[in-house]
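Quick caveat, the model's predicted, so the values are computed rather than measured.
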Amino acid sequence: KLFYKRATVEITVNNKTDEYYVGEEIPAPVVDETKIPDGYEQDGWIDENGNPVEVPYTVKENGNPAEIQPNIVPSTDTEYKVEIYLMNEKGEYVLADTDVLAGTTGETVTADYADYAPEEAYYSADTTAEDTVTSDTIKGDGSTVLKLFYKRATVEITVNGETDDYYIG
């Protein structure tokens with residue numbers, strides 16, 4: 001009887017190197033979800049050059065990837081917020097509304113004053129308010145918050161010879 005030693009190939013799968021027989025099927029490895037950063041997700045598998053690899057993978061005699069690893073990509077549904085602040089009758093800004101939106105981790109988002117303008121005509125955008133944030137990068141942990149401020153118009157009134165500004169509304 002003749003016995004032949006089957007050819008083996010060394011492949012690193014999900015950071016673990018093993019020898020596999022030609023023709024052997026490498027099953028889909030289990031990915032430790034705790035190692036995927038917030039705001040990212042797995043989208044299939046890739047080789048050491050970033051090319052897609054179908055898993056389970058059947059080992060070939062030649063042309064095998066040296067490495068098979070999870071393809072980690074930015075999530076397209078990472079939450080961020082747009083907070084709307086309106087000036088009250090005392091000239092103080094108070095949170096009036098929060099819009100919760102979703103976008104792709106790492107992308108820049110911008111809030112447009114025109115999209116959030118209050119119905120009352122006496123409000124106008126206050127682009128110089130100290131905490132204004134009209135644009136930012138979406139953070140994977142969902143902590144991105146854009147802040148828009150709307151100030152009240154004032155009217156100058158003179159009573160008994162004394163002139164003061166009063167907020168409208």
Side-chain angles (χ1 to χ4, degrees), residues 1-87 92-118 125-150:
K1 281 186 167 179
L2 291 174
F3 290 95
Y4 294 94
K5 183 176 178 188
R6 288 177 66 187
T8 59
V9 176
E10 190 173 276
I11 300 176
T12 302
V13 178
N14 205 19
N15 297 320
K16 184 176 183 258
T17 303
D18 277 318
E19 283 198 1
Y20 297 93
Y21 291 109
V22 171
E24 182 177 356
E25 186 173 273
I26 301 173
V30 175
V31 176
D32 183 354
E33 297 288 329
T34 63
K35 299 204 185 229
I36 298 176
D38 288 341
Y40 290 82
E41 58 195 19
Q42 181 184 354
D43 182 23
W45 296 87
I46 56 174
D47 66 14
E48 65 277 8
N49 298 314
N51 299 313
V53 175
E54 288 296 320
V55 174
Y57 177 79
T58 302
V59 178
K60 299 178 275 192
E61 201 166 327
N62 295 304
N64 292 297
E67 196 174 308
I68 299 173
Q69 59 196 10
N71 185 25
I72 306 301
V73 298
S75 176
T76 58
D77 61 355
T78 304
E79 285 189 357
Y80 69 96
K81 295 177 185 173
V82 178
E83 294 180 347
I84 311 305
Y85 292 85
L86 300 179
M87 184 180 281
E92 303 163 330
Y93 285 105
V94 293
L95 180 62
D97 196 11
T98 301
D99 196 7
V100 179
L101 303 167
T104 301
T105 301
E107 287 190 357
T108 300
V109 287
T110 301
D112 188 345
Y113 276 99
D115 294 338
Y116 294 97
D126 184 356
T127 59
T128 62
E130 185 177 330
D131 294 330
T132 299
V133 180
T134 59
S135 185
D136 201 357
T137 302
I138 299 176
K139 296 169 191 68
D141 64 1
S143 65
T144 302
V145 179
L146 306 180
K147 297 180 180 186
L148 302 180
F149 293 82
Y150 294 87

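Looking at heavy atoms from C-beta onward, Asp18 lies out of side-chain contact with Ile11 at the 4.5 angstrom threshold. In this structure, the side chains of Tyr20 and Val13 come closer than 4.5 Å at one or more pairs of heavy atoms. For the pair Pro52 and Trp45, the minimum side-chain heavy-atom distance is 4.5 Å or more. When side chains are defined from C-beta on, Ile84 does not count as touching Leu95, because their heavy atoms never get closer than 4.5 Å. Inter-residue side-chain proximity for Phe149 and Asp131 is flagged as met; some heavy-atom pair is nearer than 4.5 Å.
With hydrogens and angles ignored, the 3.5 Å screen pairs a side-chain donor or acceptor of Asp112 with a backbone N or O of Ala114. Although no hydrogens or angles enter the test, the distance criterion places a donor-acceptor pair under 3.5 Å between the side chain of Asn71 and the main chain of Asp43.
Residues Ile46 and Val53 approach most closely at C-CG2, 3.8 Å, considering heavy atoms. The minimum heavy-atom distance between Ile72 and Tyr40, with the atom names listed, is CG2-CB, 3.8 Å. Contact record, Glu41 with Ser75: OE1-OG, 3.6 Å, taken as the closest heavy-atom pair. The minimum heavy-atom distance linking Thr12 with Thr17 is given by the pair OG1-OG1, 2.7 Å. Contact record, Leu148 with Ala111: CD1-CB, 3.9 Å, taken as the closest heavy-atom pair. Listed here is the closest heavy atom pair of Tyr57 and Lys60: OH-CE, 3.2 Å.
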For this session: For the pair Ile26 and Val59, evaluate side-chain contact (heavy atoms from CB on, under 4.5 Å) and give the outcome as yes or no after the intermediate values.
Result: CA-CA 7 Å; Ile26 301 173; Val59 178; 3.8 Å; yes

For this session: Please assess Asp126 against Tyr93 for the test side chain to side chain donor-acceptor pair (under 3.5 Å), listing each intermediate value before the final yes or no.
Result: CA-CA 11 Å; Asp126 184 356; Tyr93 285 105; 2.4 Å; yes

For this session: Could you walk me through whether Val145 and Lys147 pass the side-chain contact (heavy atoms from CB on, under 4.5 Å) test, one step at a time?
Result: CA-CA 6 Å; Val145 179; Lys147 297 180 180 186; 4.0 Å; yes

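For the atom pair Thr58 OG1 and Asn64 CG, the distance stands at 10.0 Å (nearest 0.5 Å). If you take CG on Asp97 and OH on Tyr85, they are separated by 11.0 Å, rounding to the nearest 0.5 Å. Separation of atoms CD (Glu107) and CD1 (Ile138) is listed at 6.5 Å; rounding is to 0.5 Å. In this structure, CG in Asn14 is found 9.5 Å from NZ in Lys35, a value given to the nearest 0.5 Å.
Evaluation of the salt bridge (charged side-chain N to carboxylate O under 4.0 Å, His left out) test over residues 46-57, restricted to residues two or more places apart or in two chains, returns none.
Scored by the side chain to side chain donor-acceptor pair (under 3.5 Å) test, Glu19 finds Thr8 as partners (sequence neighbours excluded). Remark: Thr104 engages no residue in a side chain to side chain donor-acceptor pair (under 3.5 Å) (not counting sequence neighbours).
Between Tyr150 and Tyr113, the distance separating the two ring centers is shorter than 6.0 angstrom.
Under the side chain to side chain contact (heavy atoms under 4.5 Å, CB included) rule, Lys81 has a single partner from Val100, Leu146, Thr144, Leu101, which is Val100. For the pairing with Thr137, the side chain to side chain contact (heavy atoms under 4.5 Å, CB included) check across Val109, Thr108, Thr105 returns one residue only, Thr108.
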